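This is a predicted model, so every value here is computed, not measured. No hydrogens, no waters, no symmetry mates; every other heavy atom, side chains included, goes into these values.
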Amino acid sequence: MQKPTLSIKEKTKILLIVSVTALVISIPLGFDRVDFEERGYYAIHVASVIFGLFLSIVGLITYLEFRNIRLLMIFGAFSAITVAESTSLANLLNPFFEITYGAHDFITHGLILVMLSFFIVGIFRSD
């Protein structure tokens with residue numbers, strides 16, 4: 001088994017930089033444009049974009065280190081989820097597709113956020 005060179009401290013630093021940057025951009029941008037009823041969706045989308053960006057960056061760094069096709073596929077999967085959540089977030093801020101929010105959308109995007117959260121927990125585990 002290959003030993004990764006990214007330490008927990010470096011991963012934490014990447015997550016912190018991505019989180020702060022995304023929040024500094026998204027909070028002023030979104031809270032003026034998003035209605036009170038849609039702020040839960042907005043929070044889920046922002047958190048999913050943050051987690052997706054973090055996982056994509058770590059996936060890219062890991063792929064560049066080991067040059068394994070499986071790692072490239074993992075990077076592609078995280079990037080695709082990030083693009084999907086970014087598109088949903090952009091559509092929430094400036095609608096270009098029809099918006100119909102309901103329990104189904106809330107549950108679907110919530111489950112995507114939970115899935116990304118489990119991946120992040122797995123990355124930070126050291127066993």
ask   = If you link I, L, V, M, F, W and Y whenever their side-chain heavy atoms are under 4.5 Å apart, who else ends up in the same group as Val20?
value =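 Besides Val20, the cluster holds Leu16, Val24.
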ask   = How far does CG of Leu72 sit from OG1 of Thr62, to the nearest 0.5 angstrom?
value =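 Separation between the atoms: 12.0 Å.
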ask   = Within 45° of the axis and under 6.0 Å from the centre of the six-membered ring of Tyr63, does NZ or CZ of Arg67 qualify?
value =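 So Arg67 does make the cation-pi contact.
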Using every non-hydrogen atom in the two residues, find where [X] and [Y] come nearest and quote the distance to one decimal.
X     : Y      : result
Ser48 : Leu116 : O-CD1, 3.5 Å
Ser79 : Ser56  : N-OG, 3.4 Å
Leu92 : His45  : CD2-CD2, 4.1 Å

With sequence neighbours excluded, tell me which residues meet side-chain contact (heavy atoms from CB on, under 4.5 Å) with [X].
X     : answer
Phe97 : Thr87, Asn91
Ile25 : Thr21
Ile74 : Leu71, Phe78

Residue pairs fulfilling side chain to side chain donor-acceptor pair (under 3.5 Å) with at least one residue in residues 106-120, sequence neighbours excluded =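 Residue pairs passing side chain to side chain donor-acceptor pair (under 3.5 Å), neighbours aside: Glu85-His109.
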key: Check: Asp35 side chain, Glu37 main-chain N or O, donor-acceptor pair, under 3.5 Å   =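 Flag not set: sc Asp35 to bb Glu37 has no pair under 3.5 Å.
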query = Listed by chain and number, what are the ring-ring contact (aromatic ring centres under 6.0 Å, His included) partners of Phe54, not counting sequence neighbours?
reply =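 Partners of Phe54 under the ring-ring contact (aromatic ring centres under 6.0 Å, His included) test: Phe124.
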request  = Report whether Val114 and Ile50 are members of the same hydrophobic cluster (ILVMFWY, side-chain heavy atoms less than 4.5 Å apart, transitive linking).
outcome  =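 Per the 4.5 Å side-chain linkage, Val114 and Ile50 are not co-clustered.
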